[in-house]
S.K.: 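The structure's right below; bear with me while I get my questions together.
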Number of protein chains: 2
Amino acid sequence: MASIKDVATLAGVHRSTVSRIINGEGAFRSDTKRKVEQAMAELNYRPSAIARSLATASSNMTGLLVTYYTGGFFGQMMDQVQTELDRHNKFLITAQGHHSAEGEREAIRRFHTLRCDGYILNSRHLSDDELRALALEPTPFVLLDRLVEGLEARCITFDHTLAAKMAVNYLIEQGHRDIGCISGPLSRASSHLRLNGYKEALLQADIDVHPALCVEGDYGRMSGYFAAQQLHRSGLELTALFSCSEEMMQGAIQFFHEQNVALPEKLSLISFDSIDLCDAIYPQVSSVHFPISQMAQTAVELLMSQIQHTDNNIMRHFMPELRLRNSVTEA
Amino acid sequence: MASIKDVATLAGVHRSTVSRIINGEGAFRSDTKRKVEQAMAELNYRPSAIARSLATASSNMTGLLVTYYTGGFFGQMMDQVQTELDRHNKFLITAQGHHSAEGEREAIRRFHTLRCDGYILNSRHLSDDELRALALEPTPFVLLDRLVEGLEARCITFDHTLAAKMAVNYLIEQGHRDIGCISGPLSRASSHLRLNGYKEALLQADIDVHPALCVEGDYGRMSGYFAAQQLHRSGLELTALFSCSEEMMQGAIQFFHEQNVALPEKLSLISFDSIDLCDAIYPQVSSVHFPISQMAQTAVELLMSQIQHTDNNIMRHFMPELRLRNSVTEA
DNA sequence: ATGAAAGCGCTAACAC
DNA sequence: GTGTTAGCGCTTTCAT
């Protein structure tokens, strides 16, 4: 591949002149510029991002840690981040954490090895302490959907508890009192937060929290199916169901369809959602929206401002929003 | 961040010695090795992939072009490619083509700018000619799910026509003759191939191909919904439906549920699938499997062998597989 | 077994 | 306005 030297030789100028023209720095005679541009075109020259990184001590790369590439939720995150980075002319380096602390560490190692200018972590397995330790190192990073004490300025947050509460409150307002809950895996912080929201809503309405009404899933579709099955077999007569993820709601609906339970006549439904899957299933399911897209976008902006040491006034805390789609009937 | 020089100084040796130890080349006194390793640990040293790239003229990066990050199909591709690249200790650079030739070109430009050692293209918009021209440049690439004349050695292929034919043949074997088809966008080559398979199956069974039975979608869920609606309103009495994507089948099912059409009693269903969505919906839908995962994995292997100029015996053509799930009743 | 020196492709401070 | 020079962090011959 042609190098800057080849271009310089062909154009009959010095490398540094070519460099300046590429980067639009300083002034140059228009015929010099023309010669250089022609030489670049002729050689199909592309400046090496690698050499440039080494020379400028900035790789223009940004890391993004997600749990998996599969799953619409993470795809959405990657898409938003890529779009924002494109606007800033930065390269995206993605890595999967694979649901383990070691996987996440490995991803961060990769970001460091590649000398990313900064990175965004949707970390679910590193401890607060480990993240605080990481913050002592010079490379900036932002935490997407996580709040770590002492690292507030790097956090993009969402109130999961309030979101769950809003969803369940809505059910209660429609007269429901026997409300089931399919939670996420309790090994995960956000699952707890959401479950707490469910419980708080019930307690505030003087409704007992019956343990058998809460079934633990893993956010995946099949776990929703089995959770629904478990609730069904328990014999408890629920009139409404709250799911902590859209995939689990999808699975639950599959089960209830198989059992010929009329939805939403016999069972009202409400779910968390991020990627409008609730809109895509039958029946369409009312939801509380977890705005991962905007949060991801904001994460990039925040990271850029950290890299450039720019002051900023970015909104870092996001609020849930109820999206009603007639899957809740009055009880 | 600590550099190799810092390590060398701290360990009291020369940079080149550190380099050799990192790369395990040559022999060294065990106490030298120990000193160096200790210095590396103390400084939390990570060799710069960038500097290394410049020195070795190999970036260890591999590009992957997909259409979008969202969508389970592409997520699956990225996941498989990443997994394979991890095994080879290569970095992954992803890019989205966004359904335009210019988007795909831009992605390839990025791969070149980053001096990727090679890249994998799931290209849908670049012409055969453009790809052949690209093949003249030195950077190796592999075409995933595409066959370009003259570039066979770089192609990982799948017989879409045969796949569609197998699906429709199965319906015919079960006694169906009035079979609808929701195709992909006819602007795309694979859509045509699949539609041809549908037509060939019918013709071989002496069934007329009624134009109104074929509705064009865009592979997305909602287009399946509207296609189903269109078929429904056409008044044609179909007993079976073949969808060219799982998402469209999902949309169609949503429509038929709304119309209280008993599935599969009143309408047998069969669909293309890649990521087992057919297994995830209600009712579960029989399918022809398009093994994108294995194909993606093979793409990496093929690319690696091209980069390393290794002879190889990799299977590059993949066959469809019928996956029956009882969504087809006898007619 | 280890050090010295050149070079990968580029940028940036300085000189003219 | 353009050339000179040094240097980014590493690898790789070539000495010793």
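Lettering of chains follows the sequences in order, A, B, ..., and the numbering in each one begins at 1.
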S.K.: Nearest whole angstrom, please: distance from the P of dC10(D) to the NE2 of His14(B).
M.R.: 13 Å

S.K.: Figure out the CD1/C1' separation between Ile50(B) and dC8(D), and round it to whole Å.
M.R.: 10 Å

S.K.: Write down the distance between CZ (Arg46(B)) and C1' (dC10(D)), rounded to a whole number of angstrom.
M.R.: 16 Å

S.K.: Of all the heavy-atom pairs spanning Asp117(A) and Asn60(A), show the shortest one and how long it is.
M.R.: OD2-N, 2.8 Å

S.K.: Can you see if the side chain of Thr56(A) gets near the phosphate of dC8(D) - specifically, an N or O under 4.0 Å from OP1 or OP2?
M.R.: no

S.K.: OP1 or OP2 of dT11(D) versus the side-chain N and O atoms of Arg52(B): is any pair under 4.0 Å?
M.R.: yes

S.K.: Starting at atom CD of Glu25(B), determine the distance to atom C1' of dT2(C), rounded to an integer number of angstrom.
M.R.: 14 Å

S.K.: Which sits closer to the 5' end of DNA chain C, Ala27(B) or Ala57(B), going by the nucleotide each is nearest to?
M.R.: Ala27(B)

S.K.: Checking side-chain polar atoms at under 3.5 Å, does Arg124(B) have a donor or acceptor matched by the opposite partner on Thr67(B)?
M.R.: yes

S.K.: Take the protein atom CZ of Arg15(A) and the nucleotide atom C1' of dT5(D), then report the distance between them rounded to whole Å.
M.R.: 9 Å

S.K.: Among dG3(D), dT11(D), dG9(C), which nucleotide sits nearest the side chain of Thr17(A)?
M.R.: dG3(D)

S.K.: Assign Thr32(A) to base, sugar-phosphate, or nothing according to its heavy-atom contacts below 4.0 angstrom with the strands shown.
M.R.: sugar-phosphate

S.K.: Mind calculating the distance between CD1 (Ile22(A)) and P (dG9(C)) to the nearest angstrom?
M.R.: 14 Å

S.K.: Quick one: do the Ser16(B) and His14(B) side chains pair a donor with an acceptor below 3.5 Å?
M.R.: yes

S.K.: Look at Ser16(B) and dA4(C) and indicate whether a side-chain polar atom (N or O) is within less than 4.0 Å of OP1 or OP2.
M.R.: no

S.K.: Specify whether Phe141(A) and Tyr119(A) have parallel, tilted or perpendicular ring planes, treating 30° as the upper limit for parallel and 60° as the lower limit for perpendicular.
M.R.: parallel

S.K.: Let me spell it out: for each of Leu54(B) and Arg20(B), pick the nucleotide of DNA chain C with the closest heavy atom. Which residue's pick is nearer the 5' end?
M.R.: Arg20(B)

S.K.: Using the side-chain heavy atoms of Ala55(A), tell me which of these nucleotides is nearest: dT2(D), dC10(D), dT11(C).
M.R.: dT11(C)

S.K.: Given salt bridge (charged side-chain N to carboxylate O under 4.0 Å, His left out), test Arg34(A) with Asp31(A) step by step and report yes or no.
M.R.: CA-CA 5 Å; Arg34(A) 207 172 324 112; Asp31(A) 65 318; 5.9 Å; no

S.K.: Does Ser19(B) place a side-chain N or O at less than 4.0 Å from the phosphate oxygens OP1/OP2 of dT11(D)?
M.R.: yes

S.K.: dC10(D) C1' sits how many Å from Met40(B) CE, rounded?
M.R.: 14 Å

S.K.: Would you mind reading off the distance between Ile4(A) atom CD1 and dT11(C) atom C1', rounded to a whole angstrom?
M.R.: 8 Å

